[in-house]
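See structure below.
Since we're looking at a predicted model, the values are computed, not measured. Lettering follows sequence order; numbering is per chain, from 1. Because only heavy atoms are used, hydrogens play no part in the values below, and waters and symmetry mates are left out as well, while side chains stay in.
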Number of protein chains: 2
Amino acid sequence: MKQNATLKKIAERLNVSISTVSRALKNHPDISEETKKKINELAALLEYDPNPYAVNLRTHSSKEFAVVVPSLSNFFYHSFISAIEEDARIDGYTVIIYRSANDPVIEQEILKSCRHKRVSGIFIAITSGTKEIEPFLKLDLQGIPVVFFDKVPKYESCNKICVGDAHAATIAANEILKKGITNVLAIFGDENMSITQVRLQKFTEIVSGYAEFKAVHANNSEEAEQIALSMIPGFEKKRFAVFCMSDEILVGAMKAIQRMGLKVPADLGVISISDGMIPSLFYPEITYAETSGFKLGKLAFGRMMRCIAGSSFAQTIIDESILIEGGSI
Amino acid sequence: MKQNATLKKIAERLNVSISTVSRALKNHPDISEETKKKINELAALLEYDPNPYAVNLRTHSSKEFAVVVPSLSNFFYHSFISAIEEDARIDGYTVIIYRSANDPVIEQEILKSCRHKRVSGIFIAITSGTKEIEPFLKLDLQGIPVVFFDKVPKYESCNKICVGDAHAATIAANEILKKGITNVLAIFGDENMSITQVRLQKFTEIVSGYAEFKAVHANNSEEAEQIALSMIPGFEKKRFAVFCMSDEILVGAMKAIQRMGLKVPADLGVISISDGMIPSLFYPEITYAETSGFKLGKLAFGRMMRCIAGSSFAQTIIDESILIEGGSI
DNA sequence: CTGAAAGCGCTTACAG
DNA sequence: CTGAAAGCGCTTACAG
């Protein structure tokens, strides 16, 4: 088993002190060019890399961000994480990803682990069962900034970066009206989720008066499929569209549409709110109001860096959506 | 900013030595029950938790596993990681997830980071561009076991846990013959991946002689779509099926099929190898040979624990698949 | 320009 | 049963 190089080994081989090696490697101005040169050469040869545990123990900083998500198999979070990683790399931070499995107990354990590791900051989408937010605030007080994203607590004074639900619903609703659709089946998710409420309210506000529409709720793909199967036949197919609030709903609705052998967009239009992965699986691709995980990640990272720089002013940032046309409406 | 409790603080408050506190907290038999009791009580009160950096610096072990995957938005990896986390939790290990973004350079950086952190072990699905495996073998020599899964190198003597590619291909091929299909378009992935080669070889072996078939390669969904678009029209639609080696291929093929307005399974059959997420998005659902990430994770973890226990005997474990019927063939 | 020394928080062989 | 001491690998104020 090959030993890792240490400052001590380099110092011994070169007959200098450990301090000098340490300084030379950090390009400290005190050290002569000559000394620096020979130290850096040997370090390269030995593939020296500082032991992060020792560094952390000394400096109390880890240059490591944690991202905590309920689930990984989610294109939205994936894009979010990509954005964080992209920016973190530039600033010399490492990103570690934790999965809470949507379990508040596991979430607490992860938090504890982050605290002990003194991560530089935490990006987190909380579980649907997360009740207490004191542990998060405590971290903030200990100097570990917490930036909530997507699934955020209701509590006011914390850093939150969210998808603009009202805006996304507005975009989708406007597109429906613009296309001259007059009959709409709008399928929403779980009635208790705040994101459902916001999307429903805004959508209704815009569409009502201009189109006949029916709003229904489905708790999962199967329910959405059943609803679509039973309700679509009742609509006059002319100038008719189905609006799906989320990917989950869209998947169910599309199954029903395929099952009934209907053609999109000839027989009916389809429009949804999505991050774009699921809509791209169909032909024609589904038109959607984009909620971009990537953009959200960029915003969150910016906020985080400002927290680290000392801005303790909690702030809510909301990301707006744009319409991505896919030919389904 | 609240300070974290340390052994020293507890020792001072209780007028005992640091050594005693350390031992009491580990339930060392030398320490009297009485002393243990008061120390544990204060530790609980102060929410003492050992500084992992200090522990690691001393003991050279982290009780932390790394899982490295090319992508997160992948149901297969998600199930794999769930299985690892489930088992790791039981044994007191933490799991950290790294994303290589299918970039060999980032993969190397992650490896370096794992080495410096002296993780207890690494589970890795390599990138498609990974050429050198010495860095992995070096880790193994340094006492950090590496268990490859799913995307594994060709090199013989390493720990590999794979989907039973030959078996999955066999199941799919047999189902095709069983259904009386005589014309097959088989779309495979990147020719350089060993998984492609194995699946292609086995599939060919079984189908040839019984059906007319054409095997082609696509490096991504778009290529698969183009291939399907250009080649499907050339086939006699009677008793014809498309075989897709992976989800990526399936997505492309299904887009082409929808685009051409063909009906599944009336016009043509479709069968694939998958973990089951993508096949369930269509109607009818796609029939597939199941490769379970969860089962693979359980196998990989078992192998890892045996490595840690000292079994240096490299071993390839293969997980077998089963056929999940969806009505597409 | 360079080095000796202290200390981050822990573990553990050694001594008593 | 308990403690003093060394040491993991690093950084940095202090001294020269």
Once you round it to whole Å, what is the distance between P of D:dT11 and CG of A:Leu7?
6 Å
If I take atom NZ in residue B:Lys8 and atom P in nucleotide D:dA4, what distance separates them, rounded to the nearest angstrom?
13 Å
Name the orientation class of the two ring planes belonging to A:Phe301 and A:Phe65 (parallel below 30°, tilted from 30 to 60°, perpendicular beyond 60°).
perpendicular
A:Leu57 CG - D:dT11 P separation (whole Å):
12 Å
How are the rings of A:Phe80 and A:Phe123 set relative to one another: parallel (under 30°), tilted (30 to 60°) or perpendicular (over 60°)?
perpendicular
In whole Å, what is the span from the CD atom of B:Glu34 to the C1' atom of D:dC1?
11 Å
Side-chain N or O of A:Thr59 versus OP1/OP2 of D:dT11: is the shortest distance under 4.0 Å?
no
Within this structure, what is the CG-to-P distance between B:Asn51 and D:dC10, rounded to whole angstrom?
16 Å
From C-beta outward on B:Arg118, which listed nucleotide comes closest to its side chain: D:dG9, D:dT2, C:dC10?
D:dG9
Audit row: A:Glu109, B:Arg89, salt bridge (charged side-chain N to carboxylate O under 4.0 Å, His left out) steps and yes/no
CA-CA 11 Å; A:Glu109 281 175 24; B:Arg89 183 170 302 279; 2.4 Å; yes
Considering every strand and a 4.0 Å limit on heavy-atom distances, what is the contact class for A:Ser22: base, sugar-phosphate, or nothing?
base
Does the structure place the NZ or CZ of A:Lys160 under 6.0 Å from the centre of the six-membered ring of A:Phe148, at an angle of no more than 45° from the ring's axis?
no
For DNA chain D, find the residues of residues 10-20 of chain A with a heavy-atom distance under 4.0 Å and give them by number; none if there aren't any.
A:Ile18, A:Ser19
Nearest of D:dC10, C:dC8, D:dA6 to any side-chain atom of B:Arg58?
D:dA6
Measure from CG on B:Leu25 to P on C:dT12 and round the result to the nearest Å.
13 Å
Is B:Tyr53 near enough to C:dG7 that one of its side-chain N or O atoms lies under 4.0 angstrom from OP1 or OP2?
no
When you measure from the side chain of A:Lys26, which nucleotide among D:dT11, C:dC1, D:dC1 comes out closest?
D:dT11
Return yes if a side-chain donor-acceptor contact under 3.5 Å exists between A:Ser79 and A:Ser82, otherwise no.
no
Which nucleotide sits closest to the side chain of A:Ala54: D:dG9, C:dT2, D:dG7?
D:dG9
Do the two ring centres, one from B:Tyr155 and one from B:Phe136, sit under 6.0 Å apart?
no
Quiz item: B:Arg23 side-chain donor-acceptor pair to D:dG3 base, under 3.5 Å:
yes
Here the distance between atom C1' of C:dG9 and atom CG of B:Asp49, to the nearest Å, is 13 Å
Using atom CD1 of B:Ile39 as one end and atom P of D:dC1 as the other, report the distance to the nearest whole Å.
13 Å
Can you tell me the base-pairing partner of C:dA4? Count Watson-Crick or G-U wobble geometry only, both distances below 3.5 Å, and say none if there is no partner.
none
From CA spacing to verdict: side-chain hydrogen bond (donor to acceptor under 3.5 Å, both in side chains), B:Tyr77, B:Asp150:
CA-CA 9 Å; B:Tyr77 292 147; B:Asp150 192 41; 2.9 Å; yes
